[in-house]
Visitor: 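Below are the structure tokens for one structure; questions will follow.
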Amino acid sequence: MTKEELKESLLNVYPEAVVEEGGEWLTLQIEAASLLNFARDLQNKAEWDFNYLFCQTCVDWKTHFTVVYFLRSLTHRHSLVVKVKIDRNNPEIESVQHLWKTAELNEREIFDLFGVKFNHHPDLRRILLTDDWNGYPLRKDYEDPVNIIKL
Amino acid sequence: MLEEIGTTEQGDLVINVGPQHPATHGVLHLVITLNGETIRKVDPHLGYIHRSIEKMCESLTYRQFIYVTSRMDYLSSHINNHACAMVVEKGLQIEVPARAQVIRVIMDELTRIASHQLWWGAMAMDVGAITPFFHAFREREMINDIMEETCGARLTMNYMVPGGVMADLHPDFQRKVKEFIAEFRSKFDEYDELVTGNIIFQERMKNVGVISKEDAISYGCSGPVARASGVSCDVRKWSPYECYSRVKFDEILYSAGDSYARYLVRMDEMRQSLSIIEQLIDSIPEGDFQAKTKAVLKLPKGEFYSMVETARGELGVYVVSEGGTTPYRIKFRSPGFSNLSALNHMSVGGKIGDLVATMGTLDLVIPDIDR
């Protein structure tokens, strides 16, 4: 599907999704509560068939976090970016690792570097940093006078 | 972590492989649960070479951050730089001159061959054959010399800059590349005779570390690992950049999904890379090697994503810009990280001795995984 066709077909089923303009791929913002149903549909409906989660990350906007999912369908060759806003003080979101297994390590990385808690993740622990590390380095307010040298 | 060594309640043995182990090619630490010789679980412990490149990049300008990325997948440093240069070009809508495009693609393919050569030698050594290592390095040396003449470096080249490449080609470049192609083609039969057709080698690789097409997709595998399971995912084919749409090459696909298929994909890819270089080397267009760009680059507010095919798979660079001279947030989707996530699935049920063959054909570069 082209970007426009995909937009139409997705908005038909999920009219509450907010389209973000300007990106290379169709970008949709959805509510954290509807993430799981939305993700399941994206993967299961034959006309979308987003079987490949090629990138998953998080952005700290100082007021909130945005978890970003980059999805691609290897059958139809279309791509989609899904963004979910979550609370910065109590960052929690449903895990999608049962849908795309690559999310298991990616979610651990986001947990490690941003402190986002993924509910129903089977093994959520730090992956790159040591278990006793203090704080979450990729947050914008992270201070580390020892390891970060400011010029 | 070390206290995890011991015996579990079920009588399984828990051992460490790495962080310093010859077969992990770097500081990868695997905690392996064994029942006899059979693997029950492989748990990778990462981060021994984590430098938080993503955080570092947040305080580097759009010209500076490219150089740090040579230190991720150091065997594909040209291609990493390429992805970063492309994301800046996308943001600023810089048109790359035709000459620079061709130079970039030739350099990328030379890098791919050099990376695969090193993998070939190291992987054969992992499974017990020392000689291939010397053969591979003999030919790889020629590429390193070519790189050194033009880029001034042999490993972390830092040759790609936003708008093109940093310097023009060395006058000897075309001659030496052609010499290399002739030499390497004549050596390929030796490679095949020495390793590919070797029955002992085949016995060790076939039906080892099998992953199905569906699982390869679900685990986010890319590059030769995914293509060995029949997943068509070559970025050069599906989302061509620079002049890849103009050159003829095949996407190598196998369906077995085992270590031997992954081995064959890389061997065939080297031949394809040679063919790509051959098509371009005599027709490098004249003109500028770099577009004119401003001294200080400022990406407009927005989000940009570029992806390239490195020797290990799909590398993505996601840049969030707030309009300043440095990125607000940058994320590198590294191919090694996703490929590693499938390691547990591939090795469970297999023998500990086969783990080395599986790991060898995943072609892991640890700084690329840890970033």
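Worth saying up front: this structure is predicted, and the values here are computed from it rather than measured.
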Visitor: Does Gln64(B) CD have over 12 foreign heavy atoms under 6.0 Å away?
Guide: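 Enclosed: over 12 neighbouring heavy atoms sit under 6.0 Å from CD of Gln64(B).
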Visitor: Ignoring hydrogens and angles, tell me if any N or O in the side chain of Lys331(B) forms a donor-acceptor pair with the backbone of Cys58(A) under 3.5 Å.
Guide: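 Between the backbone of Cys58(A) and the side chain of Lys331(B) there is no qualifying donor-acceptor contact (under 3.5 Å).
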Visitor: If you count heavy-atom pairs under 4.5 Å between each of Asp112(A), Val81(A), Thr57(A) and chain B, which one has the most?
Guide: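 Maximum pair count with chain B is reached by Thr57(A).
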Visitor: Atom NZ of residue position Lys41(B) - does it have more than 12 heavy atoms of other residues, nucleotides or ligands inside 6.0 Å?
Guide: no
Visitor: Any chance CD of Glu322(B) has more than 12 other-residue heavy atoms, nucleotides or ligands included, within less than 6.0 Å?
Guide: yes
Visitor: Taking NE2 in His64(A) as the centre, count heavy atoms belonging to other residues, nucleotides or ligands within less than 6.0 Å. Is the count above 12?
Guide: yes
Visitor: With under 30° as parallel and over 60° as perpendicular, where do the rings of Trp61(A) and Tyr328(B) fit, or are they tilted in between?
Guide: parallel
Visitor: Side chain from CB out, backbone as N, CA, C, O: work out which of these in Gln43(A) comes under 4.5 Å of a heavy atom of chain B, or both, or neither.
Guide: neither
Visitor: Less than 4.0 angstrom from a charged side-chain N to a carboxylate O is my criterion; do Asp43(B) and Arg125(A) meet it?
Guide: yes
Visitor: Around atom CD of Gln93(B), are there more than 12 heavy atoms of other residues, nucleotides or ligands at under 6.0 Å?
Guide: no
Visitor: What are the two closest heavy atoms between Phe54(A) and Arg333(B), and how far apart are they?
Guide: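 For Phe54(A) and Arg333(B), the tightest heavy-atom pair comes out as O-NE, 2.6 Å.
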Visitor: What part of Gln97(A) is in contact with chain B, defined as an atom under 4.5 angstrom from a non-hydrogen atom: side chain, backbone, both or neither?
Guide: neither
Visitor: Does any N or O in the side chain of Ser341(B) come within less than 3.5 Å of the main-chain N or O of Thr102(A), such that one atom is a donor and the other an acceptor?
Guide: no
Visitor: So which residue, Asp60(A), Asp123(A), Leu53(A), ends up with the most heavy-atom pairs under 4.5 Å with chain B?
Guide: Asp60(A)
Visitor: Select one option (side chain, backbone, both, neither) describing which atoms of Leu113(A) are under 4.5 Å from chain B's heavy atoms.
Guide: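 Contact with chain B involves the side chain of Leu113(A) alone.
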Visitor: Provide the closest heavy-atom pair for Met307(B) versus Trp25(A) in the form atom of the first, atom of the second, distance.
Guide: CE-CZ2, 3.9 Å
Visitor: How about Lys298(B): does its NZ atom have over 12 heavy atoms from other parts shown lying under 6.0 Å from it?
Guide: no
Visitor: Heavy-atom distance under 4.5 Å to chain B: side chain of Ile127(A), backbone, both or neither?
Guide: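 Contact with chain B: backbone and side chain both.
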Visitor: Only pairs of heavy atoms separated by less than 4.5 Å count here; which of Ala342(B), Ser232(B), Ser239(B) has the most with chain A?
Guide: Ser232(B)
Visitor: Tell me, yes or no, whether the heavy-atom count around Asp141(A) atom CG, taken from other residues, nucleotides or ligands under 6.0 Å, exceeds 12.
Guide: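 Count over threshold, so yes.
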Visitor: Could you tell me which non-hydrogen atom of Lys55(B) sits nearest to which non-hydrogen atom of Pro137(A), and how far apart they are?
Guide: NZ-O, 2.9 Å
Visitor: Which of the residues Glu214(B), Met56(B), Arg371(B) is involved in the greatest number of heavy-atom pairs with chain A at under 4.5 angstrom?
Guide: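 Option with the top pair count is Arg371(B).
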Visitor: Carefully, step by step, assess Tyr52(A) and Ser222(B) under the rule side chain to side chain contact (heavy atoms under 4.5 Å, CB included).
Guide: CA-CA 10 Å; Tyr52(A) 194 63; Ser222(B) 59; 3.4 Å; yes
Visitor: With a 4.5 angstrom heavy-atom cut-off, which part of Glu104(A) approaches chain B: side chain, backbone, both or neither?
Guide: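 When you check distances to chain B, no heavy atom of Glu104(A) falls under 4.5 Å.
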Visitor: How close do Ile217(B) and Asn51(A) get, counting heavy atoms only, and between which atoms?
Guide: CG2-O, 3.1 Å
Visitor: Name the region of Val68(A), side chain, backbone, both or neither, that has any atom closer than 4.5 Å to a heavy atom of chain B.
Guide: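 Contact with chain B: side chain only.
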Visitor: Are the side chain of Lys101(A) and the backbone N or O of Ala216(B) linked by a donor-acceptor pair below 3.5 Å?
Guide: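 Looks like no, no N/O pair under 3.5 Å.
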Visitor: Between Glu109(A), Glu20(A), Gln56(A), Glu24(A), which shows the greatest number of heavy-atom pairs under 4.5 Å with chain B?
Guide: Glu109(A)
Visitor: When rounded to the nearest 0.5 angstrom, what is the spacing between CZ in Arg126(A) and CG in Leu46(B)?
Guide: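 Separation between the atoms: 14.0 Å.
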Visitor: Can any side-chain N or O of Arg77(A) pair as donor or acceptor with the backbone N or O of Trp238(B) at less than 3.5 Å?
Guide: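 Checking the backbone N and O of Trp238(B) against the side chain of Arg77(A), no donor-acceptor pair under 3.5 Å is found.
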Visitor: Which region of Asn106(A), side chain (C-beta onward) or backbone (N, CA, C, O), has a non-hydrogen atom less than 4.5 Å from a non-hydrogen atom of chain B, or is it both or neither?
Guide: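 Both parts, backbone and side chain.
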Visitor: Can you tell me how far the CG atom of Leu128(A) sits from the CZ atom of Arg51(B), to the nearest 0.5 Å?
Guide: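 The distance works out to 11.0 Å.
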